[in-house]
Structure formats: structure tokens, C-alpha cells
Amino acid sequence: MTMMSEPKASRLLLAVLLVGAAAAAGGHDDAVARRTMEEFAGFPASDGGEGPSTAFRVDSEGLQRQIDELASFSDSPAPSVTRVLYSDKDVQARRYIKGIMNQLGLAVREDAVGNIFGSWEGSEAGLGAVGTGSHVDAIPFSGKYDGVLGVLGALEAISLLKRSGFQPKRSLEVIMFTSEEPTRFGISCLGSRLMAGIEELAQSLRKVVDNQNVSFLDAAESAGYKMDPKDLQSVFLKKDSYSAFIELHIEQGPILEKEGIPIGIVTAIAAPASTTVEFEGNGGHAGAVLMPARNDAGLAAAELALAVEKHVLESGSIDTVGTVGILQLHPGAINSIPSKSHLEIDVRDIDEKRRNDVIEKIRRSATEISKNRGVVLSEFKIVNQDPPALSDQSVVEAMEFAAKQLNLEYKKMISRAYHDSLFMARVSPMGMIFIPCYKGYSHKPEEYASPEDMTNGVKVLALTMAKLSLE
């Protein structure tokens with residue numbers, strides 16, 4: 001009897017899995033699907049009923065149970081979730097994720113800042129791995145699916161492939177990124193930024209503190225990640241660490257649900273930039289200082305907030321968005337004229353130049369407002385100004401291939417939200433899979449994704465990883 005080589009066996013197994021998955025999706029011609037899979041595999045798929053396609057079922061109940069259990073690690077009451085970097089609840093969540101990785105037989109490791117990796121070694125482990133994953137930290141009073149689906153859903157995709165008997169050629173690796181949200185230290189995608197080798201971040205983390213004056217290094221140590229500052233560079237990834245990276249995520253917008261489309265394939269992630277602005281004026285009693293004599297830092301901030309909206313709309317593009325997410329006044333009393341104001345502005349666009357032009361217009365408006373109102377523009381600081389990221393065509397094609405074989409309609413779209421994939425794109429070919437988010441709610445307790453939509457996303461992710469693993 002002639003023995004089949006392991007790569008060919010894995011390709012045949014993937015062919016059988018995809019045929020079974022397509023048939024299970026309904027409304028797909030089995031003969032056409034089988035011919036497609038035979039072409040992909042390079043030899044006929046068996047009709048003997050011995051293939052594992054019947055095992056290609058997502059444990060949607062188990063996945064939802066894990067999402068609910070993870071949501072219980074929260075510093076705010078249900079249904080909201082609050083899980084801030086290196087807090088006790090964050091540490092509990094990390095322990096929970098590592099426990100699932102261990103149950104799946106993955107090799108688990110952590111880097112200096114707590115990025116967690118669960119690896120399923122492939123037959124050719126020396127090749128660049130196929131990575132997937134997201135984050136589990138949560139901003140105050142948010143929902144339980146943002147990021148979490150990309151971690152627990154990825155682990156279910158691995159479990160699905162394992163249950164089906166698939167054997168990867170390239171290793172498959174699930175990553176739980178540290179601190180995608182900027183809640184504690186004002187730095188979004190902290191873990192993936194470091195993995196992308198951003199030296200400026202490694203330097204700033206040596207001295208940054210939170211609003212309680214706790215340093216990043218001390219906070220990390222309290223969570224079990226004691227490090228020397230030079231250990232931060234050890235987080236940097238080599239360019240060939242991953243052959244591809246795919247992130248599963250809720251859309252965080254209303255488009256997929258509104259159009260009734262189950263899968264979004266992300267072609268690009270918008271370029272985000274954050275700016276802090278501060279005005280200083282003359283305070284005084286709200287009743288005693290007459291209007292012509294005032295230098296109101298609060299009104300300067302309000303005028304600039306409206307200018308942000310004006311300049312964004314003037315761009316003429318639906319892809320340009322701007323938000324004044326924080327506006328703080330000092331001393332913050334109803335009967336006191338604000339002597340200081342602080343704004344934090346978020347501007348995003350798929351076009352980096354157009355976004356930067358908006359920021360420059362905001363800067364000019366801030367200068368003009370300060371002169372007209374007799375206040376001092378004491379700070380205009382661009383905190384970050386990241387470039388956009390394009391999904392790699394090979395990863396997009398693999399995601400499309402998987403969606404088609406599952407007979408799932410999909411829409412190519414851009415992501416206007418930040419994701420760890422934005423920085424993974426600097427070290428790896430990248431792609432993202434979106435599923436609908438109920439009414440576009442995200443970062444709110446009402447955040448919701450249906451079991452059916454999560455099942456579709458997990459299947460597309462699993463088949464995409466399997467295909468890329470064999471290339």
C-alpha cells in the first residue's frame with residue numbers, strides 16, 4: 001500500500017473539510033464544490049464517507065459560554081464589561097485564556113509585556129507561522145464581544161480544525177495582544193505596536209505613568225511581568241515571524257447588519273491620528289467678570305471642537321471622520337470661568353494625506369482661536385499619526401476562497417476602527433474578517449453578535465488559516 005505524504009494528506013483533508021462545510025452551508029452544489037476541492041487538493045477527494053467533514057461543526061454554545069465567562073471578569077456590573085490593562089480582572093482574564101490554550105494542547109508562551117501566544121506546531125515549523133488573534137482588555141462600561149471574539153473565536157477555530165483531524169504544515173498561532181485599548185496609559189495597541197518594533201514606544205514606556213501616577217513598569221510588575229526596561233525590545237518581531245495574520249472581529253458599525261451580509265472582508269484599515277490641545281485663559285467669578293473682559297479657555301475649546309467638525313466635513317470624503325472624545329475644563333465649577341481647557345481629538349481616514357491636511361487645518365484654527373479670544377495655545381501635540389494599512393492580496397484571496405466555499409455572501413470593506421492588525425501589517429501579510437454587530441453598537445453594554453454570525457466567522461477563519469497553512 002502506498003503511503004500518502006503528510007502535506008498531500010493535509011491537502012486532501014482540507015478538501016474534504018471544505019466540501020463538507022460547503023454542503024453544510026446549504027444551497028451549494030456538492031458536485032461543483034467537490035470538483036473545486038479536488039483541483040485545490042491536487043487529487044480526488046474520497047466518497048467513502050471516511051472524511052471528517054461531519055465534524056466540521058462550530059461549538060457555538062461553548063463559544064458563547066466562554067464569552068460570558070470571560071465577561072464576568074469585570075470591574076463594572078453586567079451587562080457592561082470593564083477590564084483595564086494589568087488590573088486584577090485583566091490578570092484573571094489572562095489566566096482564563098491561557099487555560100483554554102492549554103486545554104487545546106497549544107504551546108503557550110508570553111513575552112515581556114504579556115502578549116500571550118498559543119501555538120499549534122505544524123509539520124514544517126521552520127516556516128513562518130499563520131497567526132490570528134485579538135485582545136480581551138475592555139474600556140470602562142463596554143461590551144463583551146469587542147476583541148474577545150477574535151481570541152476565543154480563534155481558539156474555537158483551532159479546536160474545530162483539530163476535531164476535524166487537520167494537520168497544519170505551517171504552525172498556527174493564536175495571539176492575545178496586550179492593551180489594544182488606550183484606557184490606562186493613553187497608548188492604543190500597545191502590545192502589537194511593540195511587536196511591530198516601534199522603538200519610540202519602547203523608550204516612552206520607560207517613563208509613562210497612568211492617571212494615578214503609577215508607572216507602566218510598576219503596573220506590569222504588579223501583574224506578574226517584572227522587566228528591565230531593555231526587555232521591551234525583546235518584544236519586537238522579526239519580519240518573517242508570520243507568513244500571514246488574520247483577525248476576526250465584530251464590525252463595530254452597522255453596515256453588514258443593515259445590508260444583511262454575514263461576512264466582511266477588510267481591504268484596508270484607516271489611518272488614525274490623535275492630538276491633544278490645551279488653552280490657558282484667565283479665570284474668574286462667573287457673575288463678577290463681565291463678558292467683554294473675559295478670556296475664556298472653555299469657549300476656546302468649544303469653538304475648536306466645532307472647527308474639527310467643519311474641517312472634517314470640508315474634506316469631501318465619507319471616509320474622513322473626526323471626534324473630540326475628551327474636553328476637560330479647569331477648575332470645573334459652574335460658577336467659575338474656565339482658566340484652562342484640554343481637548344483630545346481623533347481624526348481618521350483611509351487617505352493619510354487627506355487626514356494630515358485636516359489636522360493641519362485644526363492646528364491653524366487653534367492658533368487663530370487663541371488670538372481672537374486672548375487665550376494661550378499652550379499645547380498642540382500630535383500623540384500618534386499612524387499610516388493606514390492595506391490587507392495583503394494573498395490573504396484577501398484566501399478569505400474570499402473560504403467564504404465562497406461556505407456559500408457565504410461577503411462584502412469587501414474598510415475598517416475605520418483601530419485594530420492590532422494595523423500594526424501586524426508592518427511585520428506580516430495581514431487580513432481581517434468582520435461579522436455583523438447588532439445595530440452597530442460597540443464599546444457599549446448593548447454590544448452583541450449572534451451565534452449564527454459568530455459561527456460563520458469562525459468557519460471562515462478556520463478555512464482561511466488551513467489554506468494559508470498549506471501554502
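Because only heavy atoms are used, hydrogens play no part in the values below, and waters and symmetry mates are left out as well, while side chains stay in. Owing to the predicted nature of the structure, the values given are computational and were not obtained by experimental measurement.
- For Asp68, the salt bridge (Lys or Arg N to Asp or Glu O under 4.0 Å) partners at least two apart in sequence or on another chain are Lys144.
- For the pair Arg363 and Glu360, the salt-bridge criterion is met [side-chain N within less than 4.0 Å of a carboxylate O].
- The distance from the OG1 atom of Thr464 to the CG atom of Leu406 is 8.5 Å, given to the nearest 0.5 Å.
- Considering all non-hydrogen atoms of both residues, Ala270 and Leu422 come closest at O-CD1, 4.1 Å.
- For the residue pair His135/Asp420, the side-chain donor-acceptor check at 3.5 Å is not satisfied.
- With Ser134 contributing its side chain and Val151 its backbone, the two residues share no donor-acceptor pair below 3.5 Å.
- Judged purely by distance below 3.5 Å, without hydrogens or angles, the side chains of His311 and Ser315 never pair a donor atom with an acceptor atom.
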Report task. Could you go through the side chain to side chain contact (heavy atoms under 4.5 Å, CB included) check for Leu205 and Leu201 one step at a time? Result -> CA-CA 6 Å; Leu205 287 177; Leu201 175 59; 3.8 Å; yes
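- Arg354 and Ser317 are linked by a side-chain donor-acceptor pair at a separation below 3.5 angstrom, with hydrogens and angles left out of the test.
- In this structure, the side chain of Arg348 engages the main chain of Arg416 through a donor-acceptor pair within 3.5 Å.
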Is there a side-chain hydrogen bond (donor to acceptor under 3.5 Å, both in side chains) between Tyr96 and Gln66? Walk through the geometry before answering. CA-CA 9 Å; Tyr96 183 78; Gln66 290 176 346; 5.1 Å; no
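- Listed for the Asp228 side chain is no donor-acceptor partner under 3.5 Å among the backbone atoms of Asp231.
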### Steps toward side chain to side chain contact (heavy atoms under 4.5 Å, CB included) verdict (Tyr145, Ile67)
CA-CA 7 Å; Tyr145 295 90; Ile67 291 172; 4.1 Å; yes
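- Atom SG in Cys437 sits 10.0 Å away from atom NE2 in His443 (nearest 0.5 Å).
- Looking at residues two or more places apart in sequence or on another chain, you find no salt bridge (Lys or Arg N to Asp or Glu O under 4.0 Å) involving Asp75.
- To the nearest 0.5 Å, atom CD1 of residue Ile414 and atom CD1 of residue Ile269 are 10.5 Å apart.
- Side-chain polar atoms of His342 and Glu344 form a donor-acceptor pair below 3.5 angstrom.
- Using a distance-only test at 3.5 Å, with no hydrogens or angles considered, a donor-acceptor pair links the side chain of Arg170 to the main chain of Gly128.
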Candidate pair Ile435 and Asn456, rule side chain to side chain contact (heavy atoms under 4.5 Å, CB included), full reasoning
CA-CA 8 Å; Ile435 65 166; Asn456 290 335; 5.6 Å; no
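- With respect to the salt-bridge test (charged N to carboxylate O, under 4.0 angstrom), the residues Glu397 and Lys404 do not qualify.
- For Glu314, the CD atom is densely surrounded, since the number of other residues' heavy atoms within 6.0 Å is greater than 12.
- We find that Asp386 and Arg193 are joined by a salt bridge, their nearest charged nitrogen and carboxylate oxygen being less than 4.0 Å apart.
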Going through the distances and angles, do Asp59 and Arg57 end up as a salt bridge (charged side-chain N to carboxylate O under 4.0 Å, His left out)?
CA-CA 6 Å; Asp59 181 7; Arg57 298 288 184 273; over 6 Å; no
Note to self: Between Phe245 and Phe177, does the ring pair (Phe, Tyr, Trp, His ring centres under 6.0 Å) criterion hold? Intermediate values first, please.
What the structure shows: CA-CA 13 Å; Phe245 178 83; Phe177 294 99; 5.8 Å; yes
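- Looking only at side-chain heavy atoms (C-beta outward), Ser421 and Glu247 come within less than 4.5 Å of each other.
- A donor-acceptor pair under 3.5 Å links the side-chain atoms of Thr178 to the main chain of Gly114, judged by distance alone.
- Summarising the geometry, atom CE belonging to Met454 is positioned 5.0 Å from atom CG belonging to Leu63; distances are rounded to the nearest 0.5 Å.
- Under a cut-off of 6.0 angstrom, the local environment of CD in Glu121 is sparse, with at most 12 non-hydrogen atoms contributed by other residues, nucleotides or ligands.
- For the pair Ser428 (side chain) and Met430 (backbone), a donor-acceptor distance under 3.5 Å is absent.
- Looking at Glu446 and Tyr438, their side chains never bring a donor and an acceptor atom within 3.5 Å of each other.
- Taking 4.0 Å as the cut-off between side-chain N and carboxylate O, Lys353 and Asp357 count as a salt-bridged pair.
- No donor-acceptor pair under 3.5 Å is formed between the side chain of Thr183 and the backbone N or O of Val84.
- Put simply, CG on Leu172 and OG on Ser119 are 8.0 Å apart, with the number rounded to the nearest 0.5 Å.
- Heavy atoms of other residues, nucleotides or ligands lying less than 6.0 angstrom from CG of Asp88 number 12 at most.
- Proximity of a side-chain donor or acceptor of Ser164 to a complementary backbone N or O of Phe166 within less than 3.5 Å is not detected.
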What verdict does the salt bridge (charged side-chain N to carboxylate O under 4.0 Å, His left out) test give for Lys467 and Glu471, after you've listed the backbone C-alpha separation in whole Å, the side-chain angles of each residue and the deciding distance to 0.1 Å? CA-CA 7 Å; Lys467 186 177 190 303; Glu471 293 180 348; 2.8 Å; yes
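- The CG atom of Leu106 sits 6.5 Å away from atom CG of Leu155, with the distance rounded to the nearest 0.5 Å.
- More than 12 heavy atoms of other shown residues, nucleotides or ligands fall within 6.0 angstrom of atom CD in Gln203.
- Not a single donor-acceptor pair under 3.5 Å links the side chain of Lys361 to the backbone N or O of Val312.
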Report all side-chain donor-acceptor pairs from residues 252-266 shorter than 3.5 Å, counting only partners two or more places apart or in another chain.
unit_1: Gln252; atom_1: NE2; unit_2: Ser442; atom_2: OG; d: 2.9
unit_1: Glu257; atom_1: OE1; unit_2: Lys439; atom_2: N; d: 2.6
unit_1: Glu259; atom_1: OE1; unit_2: Lys411; atom_2: NZ; d: 3.3

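- Counting only distance, with no hydrogens or angles, the side chain of Ser243 and the backbone of Ala129 share a donor-acceptor pair below 3.5 Å.
- Not less than 6.0 angstrom separates the ring centroid of Tyr448 from the ring centroid of Tyr441.
- For Arg95, there are no salt bridge (Lys or Arg N to Asp or Glu O under 4.0 Å) partners, not counting sequence neighbours.
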Between Thr275 and Val347, is the side chain to side chain contact (heavy atoms under 4.5 Å, CB included) condition met? List the steps.
CA-CA 8 Å; Thr275 305; Val347 180; 6.0 Å; no
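- Considering only residues two or more places apart in sequence or on other chains, Thr132 meets the side chain to side chain donor-acceptor pair (under 3.5 Å) condition with none of them.
- Identified under the side-chain hydrogen bond (donor to acceptor under 3.5 Å, both in side chains) test for residues 103-117, with sequence neighbours left out: Lys98-Glu110, Glu110-Tyr225, Asp111-Asn115.
- A side-chain donor from one of Glu199 and Gln233 sits under 3.5 Å from a side-chain acceptor of the other.
- Centroid-to-centroid, the aromatic rings of Phe216 and Tyr86 come within less than 6.0 Å.
- At a threshold of 4.0 Å, the pair Asp90-Arg83 does not count as salt-bridged, since none of the basic side-chain nitrogens sits closer than that to a carboxylate oxygen.
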inquiry  = Go through it in stages, so that I can follow the logic: the residues are Asp346 and Thr323, the test is side-chain hydrogen bond (donor to acceptor under 3.5 Å, both in side chains), and I'd like the CA-CA distance, side-chain angles, deciding distance and then a yes or no.
reply    = CA-CA 5 Å; Asp346 181 299; Thr323 305; 5.2 Å; no
